[in-house]
Peer 1: 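One structure coming up, written as structure tokens, with questions to follow.
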Amino acid sequence: MDTQLTSKLPLKKHIQNIRKIMKIVRDMDRWYFFFTSIVHIINVLVPYIQLMLSAYILDSIEGKKGFSEVFFVTACTLVGILILYFIASSIWNRMEVRREAMYSLYSCSTQTRMLNMDFSFINSPKMKKLQDRIWADNNWGAGINSLFWQFNGILYRCFNIIGAFILGVPVVGLIINARQYYALLVLFILILLGIAGIKAGLHFRKIHHEFMFYQPSDEEKKELAEFSWGFANGAHYNYKNGKDIRIYGSYDLMRRWTVDVYKKEKYRKRIQKGAIGLGGGSVVDNVMQSAIEGGAYLMVAVVALAGAVSVGNVVRLAGCLNNFMSNIFSLINDISEFALTARKQVSTIEFLEMSDEMYKGKLPVEKRSDNEYQIEFRNVSFRYPGSEQFALKNFSMKLRIGEKLAIVGMNGSGKTTMIKLLCRLYDPDEGEILLNGVDIRKFKSDEYSRLFSVVFQDYVLFPYPLAQNVAVTVDYDSTLVKKCLEDADFGERLQTLEQGEKTYLYKDYDDGGIEISGGEEQKIAIARSVYKDAPFILLDEPTASLDPIAEYEIYSNFDKIVGEKTAIYISHRLSSCRFCEKIAVFHEGQLIQYGSHEELVKEEEGKYYEMWSAQAQYYQEDWGCQPVDNAAGNTLS
């Protein structure tokens, strides 16, 4: 999609933006604007009925009509007005409910697209820039609600102008027939004033739009530090990071990157220019409307004094002229703001229209009760989007059925990348990954993902009931949930919960929700992986924040749960190696060693021996080994 953001946007592009956003609204509720149009027609019709009634009463007085006739017409008209207002209010209330529903649907559509899009997009530089634009574009006005309100305003103005024209033209015809040229001259001047006011208003709105769509350079973005504004306005502020902000007194630091930046002259001038554009348009509208309203009354006075039309028609003409001119100005403003609102939604539309790039396979994954699935990495290389450095380079490995494999290495060595590729969150740039000899890209992604239970190092628990966190479904097997929690060593804590597995985690939705420790969170995440009952179970450093002994205990318990399934334990510490037949050592994106603990520890020049020497003191009791002098590599007595 062309996302031109300069102020000089062609009219054709404005129309395209409006059509796209209106299509989204129509797809959500195709009848919304039809029924709101009925409301606007009624709301426009009633004042004109009242105007015609006033004209009728004045002409009746002038023509000395009978009281009973005037009373009957007035009473019937008022009853009709009440009925029309009742109809309009009833429809409008229902449409407001539907508008709120559409607002929620539109908001959910972006979240749904985020959940369904290729994972590789989410962390890409392109997506980061697009998300920043979406945040900036929606962090003003009322977002998509502005579109509803402004378009409703446009409909109302249009119907008002049409009504004024229909009722006013016959009276103008009478003036022309009466040859009241002074009145026609005033009308011509009013039209010229209206054109001049419209042009001036558009000029100021152009200045305002330039301010709204100003795109700072990369250097300005660094100086503006928009992320810090999230802390300033509360978007990034919560009870978790609030502790650090208070303990370290970071107010002055935040102020340096927020308030102090906008005190600088160049930013203050830009904001002032935007304010001039917004305020100047309002001033022009108000001045011109006042001038035109005064001119309209002058024209009516000329006609009335000349006696060219009846008193009722004078009132009718005055009302129509005032409505016509004021609504013309309001319509221009509404259309301008509506175009701005539609343009502000371009980033969201671009996000919703993003097409996935990863190949969507169609082959079903064979369902095997024996879980005999074999994975092979064959000459796999991969770089993250926007990076020039390979996270994995020429990586080859076979994951054998039922084996326990430990993957170790320092931070950034490619361990987690290997897991993301295995789960097909990303596709390799080079090489291929095979499942039972077939490229995994050829399989249906949802069926392939069912093969894996993963506890990532940055796993997420939701503020929902405990059981739903374990089962990751609304409907669950309560008995199985409890068993998985007990297997994950959460059984004792479960017994203390008054609501049991129905207890909410955290207090986002329930004041009775529980706050849990990091260790308890990890146990729940492990229970979740067990509940899925997938052939492959992966632990991707979920215990990195724990001490080595606590990590060893969790791995030890988890190894009992896994049983005969294929399991991969990932860590930069060596507690996971105790339970594994084979160990893969990663370093700088490459597999540099592979073998059993006994084999690898003999390679004194290898990376594994180096890591073992640095960490063995923590495992001497459980491994039955002697601690090692970190510097000399000799056992200590």
Side-chain angles (χ1 to χ4, degrees), residues 96-112 114-115 131 135 138-139 142-145 227-251 254 453-532 542-546 550 554:
E96 279 294 280
V97 172
R98 290 165 76 162
R99 178 190 58 76
E100 282 294 330
M102 283 191 287
Y103 176 79
S104 299
L105 284 173
Y106 184 74
S107 300
C108 288
S109 65
T110 57
Q111 304 305 316
T112 301
M114 180 69 78
L115 291 172
Q131 286 177 316
W135 184 87
N138 285 281
N139 193 35
I144 191 70
N145 268 335
F227 180 79
S228 295
W229 275 106
F231 284 96
N233 63 32
H236 300 306
Y237 184 88
N238 56 52
Y239 76 96
K240 291 182 180 179
N241 56 44
K243 298 189 293 292
D244 290 280
I245 290 174
R246 283 167 172 74
I247 293 298
Y248 292 100
S250 59
Y251 172 74
M254 294 297 172
S453 286
V454 188
V455 183
F456 289 106
Q457 55 185 304
D458 52 354
Y459 59 84
V460 174
L461 297 182
F462 308 108
Y464 309 145
L466 173 60
Q468 292 183 11
N469 271 276
V470 173
V472 200
T473 59
V474 175
D475 301 316
Y476 54 85
D477 184 332
S478 178
T479 302
L480 182 57
V481 165
K482 292 177 182 177
K483 183 180 184 304
C484 292
L485 287 168
E486 289 169 359
D487 288 345
D489 198 26
F490 194 81
E492 289 187 13
R493 180 65 193 278
L494 181 62
Q495 296 300 320
T496 67
L497 303 179
E498 187 175 332
Q499 299 296 322
E501 76 277 8
K502 296 181 180 179
T503 303
Y504 276 80
L505 299 187
Y506 317 117
K507 300 182 182 297
D508 299 60
Y509 298 126
D510 189 343
D511 290 339
I514 59 171
E515 295 292 336
I516 52 180
S517 67
E520 289 173 331
E521 288 179 336
Q522 289 156 353
K523 292 174 182 178
I524 295 171
I526 289 173
R528 174 194 290 170
S529 70
V530 176
Y531 185 95
K532 187 177 180 182
T543 58
S545 60
L546 301 182
I554 285 181

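Computed from a prediction, not measured in an experiment: that's the story for all the values here. Worth knowing before you read on, the calculation uses all heavy atoms, side chains too, and leaves out hydrogens, waters and symmetry mates.
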Peer 1: Got more than 12 heavy atoms from elsewhere within 6.0 Å of NZ, Lys532?
Peer 2: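 Counting neighbours around NZ of Lys532, more than 12 heavy atoms of other residues, nucleotides or ligands fall under 6.0 Å, so yes.
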Peer 1: Counting only heavy atoms from other residues, nucleotides and ligands, does the tally under 6.0 Å from NZ of Lys502 exceed 12?
Peer 2: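 Counting neighbours around NZ of Lys502, 12 or fewer heavy atoms of other residues, nucleotides or ligands fall under 6.0 Å, so no.
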Peer 1: Please test Val470 against Val530 for side chain to side chain contact (heavy atoms under 4.5 Å, CB included), starting from the C-alpha separation and ending with a verdict.
Peer 2: CA-CA 9 Å; Val470 173; Val530 176; over 6 Å; no
Peer 1: For a quick test of reading the model, state the closest non-hydrogen atom pair linking Leu485 to Ala527 and the distance between them.
Peer 2: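 Smallest interatomic distance, heavy atoms only, reads CD2-CB, 3.8 Å.
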Peer 1: Just so I know, are the side chains of Asp508 and Phe462 near enough to count as touching, which here means a heavy-atom distance under 4.5 Å?
Peer 2: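 Not touching, per the 4.5 Å side-chain cut-off.
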Peer 1: Could you please spell out the steps behind the side chain to side chain contact (heavy atoms under 4.5 Å, CB included) verdict for Phe490 and Leu466?
Peer 2: CA-CA 11 Å; Phe490 194 81; Leu466 173 60; 3.8 Å; yes
Peer 1: Tyr464 versus Asn469: any side-chain heavy-atom pair under 4.5 Å?
Peer 2: yes
Peer 1: Between the side chains of Lys507 and Glu515, is the shortest nitrogen-to-carboxylate-oxygen separation below 4.0 Å, so that they form an ion pair?
Peer 2: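 Salt bridge absent between Glu515 and Lys507.
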Peer 1: Between atom CD of Gln499 and atom CG of Asp510, what is the distance when rounded to the nearest 0.5 Å?
Peer 2: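 Output value for this atom pair is 8.0 Å.
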Peer 1: Roughly how far apart are Arg98 CZ and Leu105 CG, rounded to 0.5 Å?
Peer 2: 12.0 Å
Peer 1: In Å, rounded to the nearest 0.5 Å, how long is the span from CD of Glu520 to CG of Leu494?
Peer 2: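 It comes to 11.0 Å.
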Peer 1: May I ask you to decide if Pro465's main-chain N or O and Gln468's side chain share a donor-acceptor pair within less than 3.5 Å?
Peer 2: no
Peer 1: With side chain to side chain contact (heavy atoms under 4.5 Å, CB included) as the criterion, how do Glu96 and Arg99 come out once you've worked through the C-alpha distance, each side chain's angles and the decisive distance to 0.1 Å?
Peer 2: CA-CA 5 Å; Glu96 279 294 280; Arg99 178 190 58 76; 3.0 Å; yes
Peer 1: Would the distance check show the side chain of Tyr459 and the main-chain N or O of Gln522 forming a donor-acceptor pair, the cut-off being under 3.5 Å?
Peer 2: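 Yes, because the side chain of Tyr459 sits within donor-acceptor range (under 3.5 Å) of the backbone of Gln522.
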Peer 1: Checking Tyr476 against Tyr531 for the side chain to side chain contact (heavy atoms under 4.5 Å, CB included) test, could you report, in this order, the C-alpha distance in whole Å, the side-chain angles of both residues, the deciding distance, and whether it holds?
Peer 2: CA-CA 10 Å; Tyr476 54 85; Tyr531 185 95; 3.8 Å; yes
Peer 1: Distance check, rounded to the nearest 0.5 Å: Lys523 atom NZ versus Ile516 atom CD1?
Peer 2: 11.0 Å
Peer 1: Taking C-beta and beyond as the side chain, do Ile524 and Leu505 meet within less than 4.5 Å on heavy atoms?
Peer 2: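 In contact.
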